[in-house]
Amino acid sequence: MSFGKFLLKRSLQGLVVIWGVVTVLFGLRAITPGDPVNLIVDPAVDQATRDRIREELGLDQPIYVQYVDYLQDLLVGDLGYSYQSSRPVTTMVLERVPATLELAVAATVIALVIAIPLGVISGTRRNEPADYGATSFSLVGISTPNFWLGIMLILLLAVQIDIFPTGRRPVAFHDALWTFLTTFYVGDLLTWLHHIILPAVTLGTYFTALITRLTRSGMLDEYGKPYVTATEAKGIPGVLIRYKHVLRNTMIPIITVLGLQFGTLLGGAVVTETVFSWPGLGLRLIDGINNLDWPLIQGIIIFIGISYVVINIAVDAIYAKLNPRVIDE
Amino acid sequence: MQGADRTTADRRTVLKLSGVAGAASLTGIAGCLDDGAVDDADELVITQGEFIENPDPNDHITGPYFNVLDPVYEPLFDVTPEFEFQPRVVDDWEDMGDGTAELTIRDDVVFHNGDDLTAEDVAYTFNRMIDPELGVESDQAAGLGAIDGAEALDETTVSLEHNVAPSLAEYEYANYGRAVNQEWIEGQDQPIAGSDADAFNGTGPFEVVEYEPDVQLVLEPFDDYWGEVPDFDRVTFNADGESSGRANALQAGESDIVDNVIPEDVSTVDEADGVEIRNETSLRNVFLVMKSGVEPFDSQEFRQAMNYAVDNEGIIDSVLGGFADPMTQPIPEGVFGFNPDLDPYSQDIERAEELVEESGYAGAEITLHAPEGRYLNDADVAQTAADHIDQLENVDCDIDIVPFPDISDANSAGYDDENMPFFLIGWGVITGDSDYGLAPFFTEEAALETLRNEDISEAILESQEVEDEDEREQLLQDINEELREEAPWVFLHSQDSVYGVRDDLEWEPRTDESIYLWDIN
C-alpha cells in the first residue's frame with residue numbers, strides 16, 4: 001500500500017469515528033431528561049411562549065429530522081447557538097482553543113524537559129540511588145490525581161507561601177508575545193509564565209511520569225541489543241552511544257506516545273482548568289454541563305474528538321514515514 | 001595549575017551553576033511578578049460563582065447577572081434593602097389611576113457612547129422586555145406580567161400601561177428597568193451576544209474596558225456620569241464556579257468579595273487573616289412540593305403531617321451550618337405581604353402520625369425526588385427530610401436524586417401530574433412582592449400550579465387589583481396564613497447568602513443578594 005492510500009484509509013476511519021461521536025452525542029442529548037425550553041426561559045412563562053420557542057428551535061420536529069438538520073449544519077461548521085448566552089457555539093469553542101493549547105503545550109514542554117533527562121539517568125544507572133529516585137518519582141506522578149495535586153499546589157504555593165497566583169489567565173500568550181515583539185516589553189510574557197506554571201505542572205505531572213518510565217524502559221531495552229555491544233567494542237565513547245544511538249532509538253515510541261498524549265491533554269485539561277479557573281475548553285465544557293447547555297456541550301466534545309482524530313492521523317503519518325513497515329502491517 | 005583549576009569551570013560545573021541560576025531566576029520571577037493580588041486600594045475585585053450569560057441587560061434575571069451589569073446599565077430606581085423605591089434615573093413617578101403610571105426621567109443622563117437617554121429609550125426598554133417580537137425572549141417578562149406596554153409622552157416622560165393595583169405594578173417596573181439605547185440596540189445581535197467591551201452601552205457610573213465571556217469584566221469610571229461615581233478607579237468581576245477557588249482567591253488577596261461560600265469552606269475563610277464571613281438571609285426559599293391533585297398529597301392532613309414530621313431546625317443546624325432560617329409560610333421575611341405572626345412547623349412525630357391516620361393514607365409509600373448541587377447542600381437536606389418522614393410508623397419514604405431538569409419539568413407539569421408529585425425545589429421572590437411567590441404556584445392554571453384551591457386562587461387574583469396598599473398587604477398576609485394551614489409544601493428554609501469579604505471593606509450583604517458598587521467603601 002502506498003503512503004497516500006494509507007493516509008486516505010486512516011482519514012476515512014477518522015471520519016467514521018467523528019460521525020460516531022456526533023451520533024452518540026446526539027443520542028445522549030435526545031434521551032437526557034429535561035425540556036430544553038426550561039433552560040432557556042424562566043419556568044414561570046406561559047405555555048404559548050414555551051411552544052413558540054420549541055418551534056423556533058425545531059424541537060417540535062421528529063428526532064430523525066432534528067438529527068439530519070444537525071448533521072447538515074455541522075457540515076458547514078454551524079454548531080448552533082448556546083441556550084444560555086445565545087452566542088454561536090462555533091465562536092465559543094474556537095475562542096477557548098488558544099488557552100487550552102497553551103496549557104497542553106506548556107505541560108508537554110515541562111514533561112519533556114524533566115522526563116527525558118530523568119529517564120536517561122534512570123535507564124543508565126539501573127538499581128542505583130538515582131534510578132530509585134526517578135522510578136519513585138514516576139510512580140508518585142502516575143498515582144497522583146491531578147485535581148488533588150492542583151489544589152495542594154494552590155494551598156501551598158499560592159495561599160500559604162504566596163509566590164504564585166491561585167489561577168486565571170490575565171493575558172493570552174499570543175498577545176504577550178506580540179507585545180514583546182512590537183515593544184520589547186517582557187512583563188506580559190512573564191505574567192503569562194507566572195500564571196501558567198502551576199496549572200502546567202499539574203496537568204503535566206502524569207505525563208512527565210509516563211515519559212520518564214517509557215524513556216527508562218526504552219533505554220534499558222536498547223542497551224540490551226547487540227548493536228550497543230558492537231559500538232562499545234569499536235571503542236565509541238559511552239556518552240555518544242547513550243545519546244546518538246540508544247536515546248535516538250528510544251525516542252520513536254516516545255514520539256508516538258507524545259502525539260497520542262497531546263490529544264489526551266486537550267480533552268483531559270477539564271479538571272486542571274476548573275481547579276485553576278484557566279479559561280480553556282475544559283472550563284467552558286464544565287459550564288455547559290452545569291447549565292445543561294447541550295449545543296455547547298456537543299460543540300466542545302465534537303471539537304475535542306476531531307482534534308484527537310487529526311492528531312492520531314498525523315502521528316500515524318509520521319510513524320509511517322519513520323517506519324514504512326507499518327503501512328503494510 | 002591549581003589556580004587554573006579554580007578559575008576554569010568544567011562542563012559539569014557549568015551545568016550545576018546553570019541549574020542553580022535557573023532555580024534562582026524562577027524564584028525571583030515568582031517573587032517579583034504580579035501574583036494577581038489586589039494591592040491598589042482603589043481597585044475592587046469581586047468573584048462570583050455565576051456570571052453574566054451574555055451582555056444583554058434585558059435578557060436574564062439572576063442576581064449575579066444583575067450584580068455584574070448594574071454598574072454599567074444602572075437600575076432606573078434605587079431599591080433599598082427594605083424594598084423601598086428611590087429616585088435614580090427615574091426622578092419622579094406617579095400612578096395616574098387609569099391603569100397607567102407615568103415615569104419622569106432625568107434630563108442629564110448620557111449613554112457610554114455619548115447619546116442622551118430619552119423617554120423613547122426607556123419605553124423601548126420596557127417593551128423589549130415584554131415583547132419577544134423586539135428580539136429578546138426575556139426571562140424578565142415573567143416578572144413584568146402586570147405591564148402591558150410603554151410609550152414616550154415627551155422627551156422625559158414615559159407612560160406605562162398596567163393591569164393590576166398600582167403598588168404591584170410599581171414592584172414590577174421599579175425592579176426590572178435597566179435602560180438601553182434603542183438606536184444602538186437595534187444595530188446589535190438580538191439578544192446582545194458580543195464578546196468584547198464594545199458589546200456594552202449603558203448609562204451607569206462605570207464603563208466596560210475589558211470583557212472575556214464567562215471569565216472577567218473590567219470596569220473603569222465613566223467620566224460623563226450624571227451622578228457621583230463610586231470611589232474606585234477600577235472594578236473587576238471574576239467568574240469562578242468552584243467555591244474552594246473563590247475562597248482561595250480571597251485568602252490569597254486576589255479578590256475582595258466572593259459570593260456563595262459553602263458551609264464546608266466557611267471556617268477556612270473565617271480563620272484566615274484579613275478576611276471574614278458575612279451573611280444575610282436571602283429571598284430564596286427551599287421547600288418540598290406536594291402536588292395536591294395526587295394521592296396521598298390531596299389530603300390537607302397528610303400534607304400537614306409531612307410538615308410535622310420534618311425537623312427543620314435540625315436540618316438548618318446540622319446540614320446547613322446554621323446558614324438559613326426556617327420558613328413559616330410560602331414567602332420569605334422581608335417581602336411585601338409576609339405575615340410576621342406565623343410560626344414555623346416544629347417537629348412533632350406523634351402529631352404527624354395522628355394526622356396521617358386522619359388522612360386515611362396510613363401505610364402510604366412515597367418517594368421524595370431531589371436535585372443535587374442546585375441549592376445549598378440540597379441532596380443532603382432532602383435525604384435528611386426523607387429520613388425524618390420515614391421515621392413515622394405509618395409512612396414509608398424513599399429518596400431519589402434526579403437531574404435538575406427532571407425537577408424543573410415536574411414543577412411545570414401541573415398540580416395533578418402523577419409522574420413526580422413530591423420534590424425539592426427553590427424559588428426566589430426577587431420582586432420583593434408576595435405576588436411573585438404566590439401567583440405562579442397557587443392560581444388556577446398557573447405555570448407552576450401545585451395546589452388547586454379555588455378560594456386561595458381567587459384571593460390572589462383579587463389581591464392584584466386592590467389599590468389600597470395597607471388593604472393589599474393585609475389580604476396577602478391572610479393568604480399566607482391560609483397557605484400555611486393548607487400546607488401545599490413542606491416548608492423548609494430561606495437560604496442565607498454567604499460571602500467572604502476583606503475585613504476592612506465597608507459593605508453589608510442584602511436580602512435581595514444585590515452587590516451594588518455604590519454601597520461599598
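No hydrogens, no waters, no symmetry mates; every other heavy atom, side chains included, goes into these values. Quick note on labels: first sequence line is chain A, next is B, and so on, each numbered from 1.
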Max heavy-atom pair count under 4.5 Å with chain A, selected residue of B:G245, B:S244, B:S138, B:P213
B:P213
If one checks every heavy atom of A:T274 against chain B at 4.5 Å, the contacting part turns out to be both
Given heavy-atom pairs under 4.5 angstrom as the criterion, report whether the side chain, backbone, both or neither of A:L155 touches chain B.
side chain
Checking B:S408 against chain A: side chain, backbone, both or neither under 4.5 Å from a heavy atom?
both
Pair count under 4.5 Å, heavy atoms only, with chain A: among B:G143, B:P55, B:P132, highest is B:P132
Report the distance from atom CD of A:Q84 to atom CD1 of B:I52, rounding to the nearest 0.5 Å.
12.5 Å
What is the distance from atom CG of B:D240 to atom OG1 of A:T166, rounded to the nearest 0.5 Å?
7.5 Å
For residues 90-104 of chain A against chain B, heavy atoms under 4.5 Å, the residues are A:M92, A:E95, A:R96
Supply the atom-to-atom distance A:D287 CG to B:E50 CD, rounded to the nearest 0.5 angstrom.
10.0 Å
Which residue out of A:I53, A:N291, A:I161, A:V275 racks up the most heavy-atom pairs below 4.5 Å with chain B?
A:I53
Per-residue contact mode, B:D189 against chain A (heavy atom under 4.5 angstrom):
neither
ring-ring contact (aromatic ring centres under 6.0 Å, His included) filter on B:F237, not counting sequence neighbours, yields none
Picking from B:V215, B:I192, B:V402, B:I407, which has the most non-hydrogen pairs under 4.5 angstrom with chain A?
B:V215
To the nearest 0.5 Å, what is the distance between NE2 (B:H60) and OG (A:S86)?
5.5 Å
Check whether A:L157 gets within reach of chain B through its side chain, its backbone, both or neither, counting any heavy atom under 4.5 Å.
neither
In terms of heavy-atom proximity below 4.5 Å to chain A, should B:A141 be classed as side chain, backbone, both, or neither?
neither
side-chain contact (heavy atoms from CB on, under 4.5 Å) partners of B:N419, counting only residues at least two apart
B:D417
Residue part contacting chain A, namely of B:A272, when any heavy atom lies under 4.5 Å
neither
Would you say that more than 12 heavy atoms from the other residues, nucleotides or ligands in this model lie under 6.0 Å from the OH of A:Y81, or not?
no
Ranking B:A239, B:A446, B:A439 by heavy-atom pairs under 4.5 Å to chain A gives rank one to B:A239
As an exercise, state the distance from CZ of A:R87 to CG of B:N54, rounded to the nearest 0.5 Å.
9.0 Å
Please state whether the side chain, the backbone, both or neither of B:Y436 comes within less than 4.5 Å of a heavy atom of chain A.
side chain
Determine the option with the most heavy-atom pairs under 4.5 angstrom with chain A, choosing from B:I61, B:D59, B:N411, B:N248.
B:N248
Salt-bridge present (B:E137, A:R52; N to O < 4.0 Å):
yes
List the residues meeting side-chain contact (heavy atoms from CB on, under 4.5 Å) with A:I63, not counting sequence neighbours, and say none if there are none.
A:F26, A:A30, A:Q66
Quick check: do B:S412 and A:R50 have side-chain heavy atoms less than 4.5 Å from each other?
yes
Give the member of B:A447, B:A193, B:A410 that has the highest number of heavy-atom pairs under 4.5 Å with chain A.
B:A193
If you count the non-hydrogen atoms of other residues, nucleotides and ligands that lie under 6.0 Å from CD in A:E128, is the total more than 12?
yes
To the closest 0.5 Å, what do you measure between CG (A:L283) and CD (B:E242)?
9.0 Å
